[in-house]
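As structure tokens, the structure follows; a few thoughts come after it.
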Amino acid sequence: MEGNLNILLGFIERKSWLLILITILIVYRKGIASLLERIIKLNFSYGGASGGVEAVAPPPKDELQTKVEKTSPPSTAESEPAESKGAEENAQEKGEEAKSWFFRIKEALHKGDTDTAKHIFEEHQREENDEEKKYINETIFLHFLYIDGKERTALQRLEELHAKSINEKQIDYSAFWLSMCYGAMKDYDKQIKLWQEAISKVTDNGMKTTFSLKLAQAYKNKGELDLGIVLIEERLLDVIDQEQRANLYQMLSTLEKEKGNNQASALALEKVVELSPGNNEILFEAAYAQFSEKLKLLSLINYSTLLERNERHATALNNLAVCSGNFNVNGKQISLYRRAMNEGLTLAMANLANLLIDAGFLDEAKEILDKARVMDNPHENVGQALYRLQTLKNEQEEKWSALIKKADAFQRQIRMYGDAFFDRVAASTNFNGAWFTKRGEEVTINVNGQIINGEWIEHQGGLISTFKCSISGTLRNRSAIVNYQRQSELEVKPTLLGGPLNKSVECYLYFSADQQLLEFFSVEPEKELIQTLYRRKPPN
């Protein structure tokens, strides 16, 4: 038994954070269960969606992230060894007999007995010979002594301990637990200063990224969102690791959303999807965020990807049905709702019922017609209706396939735009001067501060051959959202030729990384437009 207990204690020393999480789950299991129940019941109505249909929202992260952050391991936590699983199972079997020093301290603090908690800790430290482990144990103990034991002097001792850290691992642990104390106090100035100093003291690239994320969170807590955004964008310039970049874009999404920039938030989530292609949770979150902005094609392709991985994903089926309804692919919408309904999603059942009231019930019509055609002497209109139904289904599938291709192309473009949107390297680049269309027409680009303008004359064949074109908008890094205008230089009545020839289209614009290409494309799927400008005049 003593051998098993030693294994358990070794596991506890390596993975204290995991045991903290388990403790909190046990203590607060009823509250967490209630929270999860509320999350499962959440839904969101898309504005303008037909029939009052609703999509399932991702679980809100604010409450959960707060709980997770309080129990997350510092960035240097070791991976769980295989033998720890056996120790964990053995701990469950041994019950009270296998309790660790940490659990005993938590119990004592929960009862308000700080003296017993201190005694248990001091006894454990005397038995520990590894100075590194003793340091880590003390950071954890002082944190909980301050938070749970309400002992004010514990914070000062933790600050002194952090100041004595002699290596990056100690900085990591002590800063983590000290930051948790500052966060509980809502002393965000100290939290910010802590992480700024920690970043300057470490050389490990992954640790710098983790600390930068913590600093950005502190900026968010204080309401200094712009500082957080600049910090993360600048960190992106120095990070190559794909997982780290995904985490940075995830933080950008959080900060932009907090600012009310939902479009930028959804755009950052698409970069997370690109960098974390196997993360279905992020894929769902991105698809949901993108539908509510001018990125509905991205929402469509991301929900479709999720269903390729799991064709029985009920909430993705439901939300893709809402998405397809927005593109007026009503037959596909009904089919998706049926599939979600068959998976037991009651919201999908309600959505389908609403749509059936309003119309578009193709599968129901087929069920009725199939019954009718096997009866004696069916009316000739039954055959005609079946033919019409099959024709309509074929048309819907063709439209759907075309839409998927269009969404795939749009995704490729938006990812290039996303690179430019967050690329601070280009913040001081000079984009002014002459650019050229594919046909060689000269375009004058002028950037004044964050305002970008461009003008040129476009020549086309036909009756009306000359157009005055312009773009204008606001620049961010090497991207912009611009309004593209095309106006015939001849006076033409709108009812005759002016309508289809003159254009006004909101577009995304980005410069290539080498600043040799400028491309802009339509924000709105129904207004198809893509144009490339070149730094050098193309050969004839």
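A quick note: this is a predicted structure, and the numbers were derived from the prediction, not measured. One is the number of the first residue; the rest follow in order along the sequence.
- Using a 3.5 Å distance cut-off with no hydrogens or angles, the side chains of E398 and N394 do not pair a donor with an acceptor.
- In summary, R478 and D419 do not engage in a salt bridge, as defined by a charged side-chain N under 4.0 Å from a carboxylate O.
- Atom CD1 of I240 sits in a sparse spot, with 12 or fewer heavy atoms from other residues, nucleotides or ligands closer than 6.0 Å.
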Give the C-alpha distance, both sets of side-chain angles, the deciding distance and a yes or no for side-chain contact (heavy atoms from CB on, under 4.5 Å) between N302 and E270.
CA-CA 9 Å; N302 283 328; E270 181 59 31; 2.9 Å; yes
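- For the pair T209 (side chain) and N205 (backbone), a donor-acceptor distance under 3.5 Å is present.
- A donor atom on one side chain and an acceptor atom on the other are found under 3.5 Å apart for Q217 and N221.
- With a 6.0 Å radius and a threshold of 12 heavy atoms from other residues, nucleotides or ligands, E243 has its CD atom at or below the threshold.
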side-chain contact (heavy atoms from CB on, under 4.5 Å), that's the test. Do K399 and K332 meet it? Break it down for me.
CA-CA 10 Å; K399 184 177 180 180; K332 190 71 175 180; over 6 Å; no
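- Counting non-hydrogen atoms of neighbouring residues, nucleotides and ligands closer than 6.0 angstrom, the CD atom of E311 reaches no more than 12 such neighbours.
- At a threshold of 4.5 Å between non-hydrogen side-chain atoms, the residues N477 and E233 count as touching.
- Salt-bridge check for E274 with K271: passed, with a basic side-chain N closer than 4.0 Å to an acidic carboxylate O.
- Here ring pair (Phe, Tyr, Trp, His ring centres under 6.0 Å) pairs that include residues 512-538, with residues two or more places apart or in two chains, are F410-F521, Y484-F520, Y508-F521.
- We find that E524 and K294 are not joined by a salt bridge, their nearest charged nitrogen and carboxylate oxygen being 4.0 Å or further apart.
- Ring planes of F284 and Y288: parallel class, angle under 30° (limits at 30 and 60°).
- The salt bridge (Lys or Arg N to Asp or Glu O under 4.0 Å) analysis of residues 335-347, with sequence neighbours excluded, yields the pairs R312-E343, R338-D363, R338-E364, R338-E367.
- Side-chain N/O atoms of Q485 and S504 include a donor and acceptor closer than 3.5 Å.
- Looking at residues two or more places apart in sequence or on another chain, you find a salt bridge (Lys or Arg N to Asp or Glu O under 4.0 Å) between E458 and R486.
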